[in-house]
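Residue numbers start at 1 and run along the sequence shown. Only this structure's heavy atoms are used, side chains among them; waters, hydrogens and symmetry mates stay out.
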Amino acid sequence: MDNIISVSYLALFIIISLGLMAGRLKIKGFSLDISAVIFIAMLLGHFGFRLPSEYQYIGLLLFIFTIGIQSGPGFFRSFKQYGKQLFIIATIIIAGGALTTWGIINILDIDQSLAIGLFNGAMTSTPGLAAAVEISKSPLASIGYGIAYPFGVVGVVLFVSLIPKILRINLKKSEEEFNQSLKQSYPDFIPGNFRVENPNINGKSLKDLRFRTNTKCVISRVKHLGITTTPSRETILYQGDVIRALGTREDLENVKLLIGPETDEALELDKGHDVQWILVTSKQVINKPLQKLNLGANYDATVVRIRRSGIELRPMHFTMLRFGDRLMVAASRESMRQVVKLLGNDDKRLSETDFLPITLGIAIGVLIGMIRVPVFGLFDFSLGITGGVLATALILSGIGKTGPIIWSMSSNANQLFRELGLLMFLATVGCEAGGHIAETFNNYGAELLIAGALITLLPLITALFIGKYLMKMNFLTLLGVITGGMTSTPGLAAINTQSDSGIAQVAYAAVYPLALVLMIVFSNILFRLPVF
């Protein structure tokens, strides 16, 4: 046994293997899945298994970076749409934890440094602990952190795993509700055929009519004298022509007002014209607006639709192209070949893994996390390596491309690195927490353990009540906000085992940087609050 324990990489794979096997066990339909690794690690940690802290940091960095890269575009969209709600819930969680801690300081009459450690352990905030140690200059902060951290980790995992079953929440229904609300913000584009009967537009080109600006729709086909072609901005409309426009149902009403009535007449393309989906994989066009590509003038081609991350976007002249976008293009067959060459359309490249963006992005994030900024001369603030890497990944993913570097990963590579990082993190953290459970209980008794549990649970319950019943938030979004507000990576992993969607991950990524900042701020406030 000693030999096994001393060989850290062997111990790592033993813990992960046992955890994954335990995670497959189902009791009345419930299983811990990948989250079981932390429980096996705690059990083995109690019996002496230990893993180097480097495993924890490597795993955490991989996990956080891949979440940031995957969630970047959705993060900015989500924060714009739900920013106020997310900010409120995150503040409630952390302020609630701080208020509970302040109450415990007064009721149990314990040292403030120890209590601030309990606060950060219960909220599983390592950056907050670093701030607490620096403020208090006392080892009691680290001891309090060690006491509260095990339940802080396990409590959030159990909470997000059990609460959907206790409240009988159908997570599939939550996914559908979220997707439905997404469709309201990004409605589906539908086609409609219209006959030109308005005499005021007879003999005028699409350019003169400012068709796209006035109707917010795109024309993909025009039938003139029995021949159907793909149009350009110079295409002239005549009475009796039939056009096919794409847009939302509301926008198609604008086409009806401008062009004429809707018709069921078929529009089969002439053999010399085509409409097809093209994948954007060429570095030359990424982060360039459609206007700059000038497909209409250069290739007599029209972008009819843009599909990004499962969402259809309106193709406007200012729309920036991103790696992995799919464009529906209408053009002549000869022009189509040139447009395909310009945009890339390389499925193989989409699935390839470029390691440079991963390693460079993590390195930049770690360096940013190490930067310390004085705040009004009261304390120094830093994101920490985790917050720095997440913030960097979110920003880089939002930017999309810097010079020759494309800040993206294939979905398969993202999932592989994310789960590998998570397994390493859970195994290491679990061993460390398991090694202190008995010692902590013997030395400090159950009183402080209960205090740590209260600091964890009361904010969770409060946030759940306010988010679900008062703010009517989507439940998966709420769970993501709760785990982000608690800075609980294992909690997010527990949600991922219950839902295949990325809804919770986006909310987690939106809240996590804010939670890191608030934990440091409230740690400072707690240390300076008067004790009665």
Val37 to Ala427 - nearest heavy-atom pair and separation: CG1-N, 3.9 Å
Check: Arg50 side chain, Gly45 main-chain N or O, donor-acceptor pair, under 3.5 Å: yes
Distance, nearest 0.5 Å, that separates CZ of Phe425 from CD1 of Ile64: 8.0 Å
Full working for side-chain contact (heavy atoms from CB on, under 4.5 Å) between Ile466 and Met471: CA-CA 6 Å; Ile466 293 174; Met471 300 177 72; 3.9 Å; yes
Atom pair CD1 (Ile104) and CD1 (Ile110), whose distance is rounded to the nearest 0.5 Å: 6.5 Å
Leu394 backbone acceptor or donor facing Ser397 side chain under 3.5 Å: no
Heavy-atom side-chain contact between Thr101 and Leu118 under 4.5 Å: no
Results of ring-ring contact (aromatic ring centres under 6.0 Å, His included) for Phe13 - residues two or more places apart only: none
Check: Asp251 and Asn254 side chains under 4.5 Å, non-hydrogen atoms: yes
Nearest non-hydrogen partners of Ala494 and Val160, listed with the distance: CB-CG2, 3.7 Å
Atom of Thr392, atom of Ile364 and distance for their closest heavy-atom approach: CG2-CG2, 3.9 Å
Tyr508: partners by ring-ring contact (aromatic ring centres under 6.0 Å, His included), with sequence neighbours left out: Tyr512
Heavy atoms from other residues, nucleotides or ligands near CE of Met320 exceed 12 (cutoff 6.0 Å): yes
Spacing of Leu246 atom CG and Arg305 atom CZ [to the nearest 0.5 Å]: 5.0 Å
Distance-minimising heavy-atom pair for Met123 and Ile455: SD-O, 4.0 Å
Separation between CG of Leu62 and CZ of Phe417, rounded to the nearest 0.5 Å: 7.0 Å
Short side-chain to backbone donor-acceptor contact, Thr124 and Thr487, under 3.5 Å: yes
Atom pair CD1/CD1 of Ile286 and Ile405 - distance to nearest 0.5 Å: 12.5 Å
Minimum side-chain heavy-atom gap Ile163-Leu479 below 4.5 Å: yes
Minimum heavy-atom distance between Pro52 and Thr428, given as atom pair plus value: O-CG2, 3.5 Å
Chi angles and distances behind the side-chain contact (heavy atoms from CB on, under 4.5 Å) call for Leu44, Leu18: CA-CA 10 Å; Leu44 296 179; Leu18 292 174; 4.1 Å; yes
Leu423 side chain reached by Leu20 side chain, heavy atoms, under 4.5 Å: yes
Phe65 and Ile69, any side-chain heavy atoms less than 4.5 Å apart: yes
Exam field: side chain Thr483 to backbone Gly480, donor-acceptor pair closer than 3.5 Å: yes
4.5 Å side-chain heavy-atom contact, Met486 and Thr456: yes
Test item: Val511 and Ile93 side chains (from C-beta on) under 4.5 Å apart, heavy atoms: no
Beyond-backbone contact of Leu464 with Phe475, side-chain heavy atoms, under 4.5 angstrom: yes
Closest heavy-atom pair and its distance - Ser523, Asn120: OG-ND2, 3.2 Å
From Phe119 atom CZ to Leu114 atom CG, the distance as rounded to the nearest 0.5 Å: 14.0 Å
Under 3.5 Å: donor-acceptor pair, side chain of Gln112, backbone of Ile105: no
All side chain to side chain donor-acceptor pair (under 3.5 Å) counterparts of Thr402, not counting sequence neighbours: Trp407
